[in-house]
Amino acid sequence: GLEDRGTGITTQALAEVPAIGTFLKRTLTQRVAPPFQDLVYSDQGMTLAAFAVQTAVGIPFDEYARLNVFEPLRMNHTHYLDVPEELKQHQARSYSFEDGQLVPIQHHYWNIWPSSSLWTTANDMGRFVGLHLSGGSLDGARLLSKDATERLHTRHFSYHPEMAGVCLGFFERFENGHRLLIHSGGGSGFLSEMMLLPEEGVGYFLAYNGYDGSLISAFRSAFLDRFYPAQHETLVNTVNLDAAELDAYEGWYWSIQNDRRTIEKLTSLLDGYIEVAAVGGALLVGDRSFNPVDPTLFVNQDADEPEYIAVRRDESGEATHLLSATSEAPFQRVSWFYGQRIQLLSVVSTLLMFTLFTLSAGVALARRRKQPFSIRWTDVYMSSLTLANLAAVLTLVTIFAGLSTHSGETYIQLGIPLQLQILVGFMTILSGLSLASPVVVGVIWQQNHKRLSLRVVASFLASLAALLYVWFLAT
């Protein structure tokens, strides 16, 4: 039930990767849901589990995995973080496809290992798949008891009996009438998935280059359609609900996996929200329509397999959360002023106001130069505020330039960019200075009311921008 974190989880050099305990001590996020209430998947949680194992056995986790998993299974080409020198010539390179050409992607090391950073081969992972499908033993080596293997593959949590749930290390999925256990992931230009069909004794491991995850689901569906086609169409019976009952579920929902207490709030403004609307007797979630199965369970049957969502209500009957088996965390309902459009509007308006302030204050100061030369503290204040605003706007331009030349993943995962830290610092200073601008305008009025017009405009813009910025930080 831990928040996930996307900044500062990678580094460009292996020597810079901290010990697991050191990294967790510095970055461990807060718990947002108690166990068995909500599914909140996070790299932080998996790394914390590895640290617990490491602490219990008294040896580093990578050594424990080598001695108790890799060597007994003869996974001779599997290593955490990096591979031995003799294997480096066989390491795959990751590429992105840009303008019709393959462009190498720089490899980054993951501070948040061992939830990631496993170098392996398809052959080695095939042996790991075989271990799961053969009851915990392979080629005479028993790593798990049959009971332990079954517990790994057993559903331990689900929001609703009709919805897919989670096992230990695997996510359930139902497709073509079959129960699948899957775990996918990716990073540094690689994507992969391990898939098991326990009842059929079949599984595979897939890995490929790029950032487009659509191939994972496309391959899975093609594999199942070829070898395990659907025997009959699954149709779920739906019911009709009153319009008022559906309207009560409308609004904005925010993923509780996102961190609102740090600068990562900015990165989650675009992909951390879901808007729910009641349309035609169904709930429109994003661009998909879900029809009611009962007052709190809804189904989308546009695809080959039904997809469910559920709504959690409090004791008074108010909707509080939107729950999906395909999401890594539940979505908490928020008030309209916490909604995505209002939050984005506050950010854009803040920057626009600061920019307009820079222009209006600049014009006012230029007019001031035509008067007899003298230095007043009000002019120093307005000049400083104007220059600071200009610097903030230029810094923002630099950030967008950086985002356009880096993948969004690596630009943020390496840490909070210096430009972004500077921008936030400037904006915070500007907010403090701007809130004082009405006082300065009052002083200017006393000194010379003829000089007031543009200063009033500048003061109003700066104060409004500061209030919007403080409100955004507070929400």
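The analysis underlying the following values was restricted to heavy atoms, covering all of them including side chains, and did not include hydrogens, waters or symmetry mates. A quick note: this is a predicted structure, and the numbers were derived from the prediction, not measured.
Val202 has its side chain out of reach of Met195: every pair of non-hydrogen atoms, C-beta onward, lies at least 4.5 Å apart. Between Pro330 and Val40, the closest side-chain pair of non-hydrogen atoms falls below 4.5 Å. Counting heavy atoms from C-beta outward, Tyr249 and Thr296 have side chains that approach closer than 4.5 Å. Annotation: side chain of Arg341 is in contact with side chain of Glu275 (closest heavy-atom distance under 4.5 Å). Contact check for Met125 versus Ser192: no side-chain heavy atoms found under the 4.5 Å cut-off. Tyr109 places none of its side-chain heavy atoms less than 4.5 Å from the side chain of Thr10.
Nearest heavy atom pair, residue Pro104 against residue Leu102, reads CD-O, 3.9 Å. Counting all heavy atoms, side chain and backbone alike, Ile105 lies closest to Gly189 at CD1-CA, 3.7 Å. Considering every non-hydrogen atom in both Arg333 and Ala319, the closest pair reads CD-O, 3.3 Å. In this structure, Leu133 and Pro198 approach most closely via the heavy-atom pair CD2-CA, 4.2 Å. For the residue pair His79 and Leu87, the shortest heavy atom distance occurs at NE2-CD1, 3.8 Å. Closest heavy-atom contact between Asn111 and Val17: OD1-CA, 3.7 Å.
Centroid-to-centroid, the aromatic rings of Phe219 and Tyr208 stay 6.0 Å apart or farther. Aromatic pair Phe171/Tyr41: centroids less than 6.0 angstrom apart.
Aromatic ring pairs are classed by plane angle as parallel below 30°, tilted from 30° to 60° and perpendicular above 60°; the pair Trp254 and Tyr273 is perpendicular. By the 30° and 60° cut-offs, the orientation of the rings of His153 relative to Phe170 is perpendicular.
With hydrogens and angles left out, the side-chain atoms of Asp147 and Ser145 include no donor and acceptor closer than 3.5 Å.
Between the Glu172 side chain and the Ala164 main chain, no donor and acceptor come within less than 3.5 Å of each other. Although no hydrogens or angles enter the test, the distance criterion places a donor-acceptor pair under 3.5 Å between the side chain of His156 and the main chain of Arg151. Not one N or O on the side chain of Thr47 forms a donor-acceptor pair closer than 3.5 Å with the backbone of Gln44. Side-chain atoms of Trp252 do not come within 3.5 Å of backbone N or O of Ile274 as any donor-acceptor pair. With Glu193 contributing its side chain and Leu206 its backbone, the two residues share no donor-acceptor pair below 3.5 Å. Remark: side-chain polar atoms of Ser158 are paired, donor with acceptor, to backbone N or O of Met163 under 3.5 angstrom. At least one donor-acceptor pair under 3.5 Å links the side chain of Asn300 to the backbone N or O of Ser289. Between the side chain of Gln54 and the main chain of Phe61, a donor-acceptor pair closer than 3.5 Å is present. Checking side-chain atoms of Gln301 against main-chain N and O of Val236 turns up a donor-acceptor pair under 3.5 Å.
Note on residues 34-53: pairs passing salt bridge (charged side-chain N to carboxylate O under 4.0 Å, His left out), not counting sequence neighbours, are Asp38-Arg312. Among pairs with a residue in residues 48-59, none fulfils salt bridge (charged side-chain N to carboxylate O under 4.0 Å, His left out), at least two apart in sequence or across chains.
Counting non-hydrogen atoms of other residues, nucleotides and ligands closer than 6.0 Å to CD of Glu199 gives a total above 12. Remark: Phe174 CZ is packed, more than 12 non-hydrogen atoms of other residues, nucleotides or ligands lying under 6.0 Å away. By the neighbour-count criterion of 12 heavy atoms within 6.0 Å, atom CD of Glu16 is densely surrounded, having more than that number from other residues, nucleotides or ligands.
Between Arg66 and Asp62 no salt bridge is recorded (no basic side-chain N to carboxylate O distance below 4.0 Å).
Taking CE of Met46 as the reference point, atom CD1 of Ile112 lies at 11.0 Å (rounded to 0.5 Å). With rounding to the nearest 0.5 Å, the separation of CG in Asn176 from CG in Leu197 is 10.0 Å. Rounding to the nearest 0.5 angstrom, the gap separating the CE atom in Met194 from the OG atom in Ser184 is 12.0 Å. Taking CD1 from Ile182 and CZ from Arg220, the interatomic distance works out to 4.0 Å, rounded to the nearest 0.5 Å. How far CZ of Arg313 is from OG1 of Thr320: 10.0 Å, rounded to the nearest 0.5 Å. Here the OH atom belonging to Tyr308 is positioned 8.5 Å from the NE2 atom belonging to His160, to the nearest 0.5 angstrom.
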Worked check of side chain to side chain contact (heavy atoms under 4.5 Å, CB included) between Trp113 and Leu118: CA-CA 8 Å; Trp113 81 281; Leu118 186 72; over 6 Å; no

Test Asp314 against Ser316 for side-chain hydrogen bond (donor to acceptor under 3.5 Å, both in side chains), laying out the working first. CA-CA 5 Å; Asp314 60 18; Ser316 65; 2.7 Å; yes

Verdict with reasoning, Leu215 to Leu191, per side chain to side chain contact (heavy atoms under 4.5 Å, CB included): CA-CA 9 Å; Leu215 178 58; Leu191 289 165; over 6 Å; no

CA sep, side-chain torsions, deciding dist, call: Leu323, Ile309, side chain to side chain contact (heavy atoms under 4.5 Å, CB included): CA-CA 6 Å; Leu323 313 170; Ile309 62 170; over 6 Å; no

Which is it for Leu39 and Tyr159 under the side chain to side chain contact (heavy atoms under 4.5 Å, CB included) test, yes or no, and what are the steps along the way? CA-CA 9 Å; Leu39 166 64; Tyr159 290 120; 3.6 Å; yes

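Tested against Arg127 for a side-chain hydrogen bond (donor to acceptor under 3.5 Å, both in side chains), the candidates Thr78, Asn76, Asp139 yield a single pass: Asp139. Just one of Glu305, Glu200, Arg173 meets the side-chain hydrogen bond (donor to acceptor under 3.5 Å, both in side chains) condition when paired with His178; it is Glu200.
With sequence neighbours excluded, the residues forming a side-chain hydrogen bond (donor to acceptor under 3.5 Å, both in side chains) with Arg142 are Ser137, listed by chain and number.
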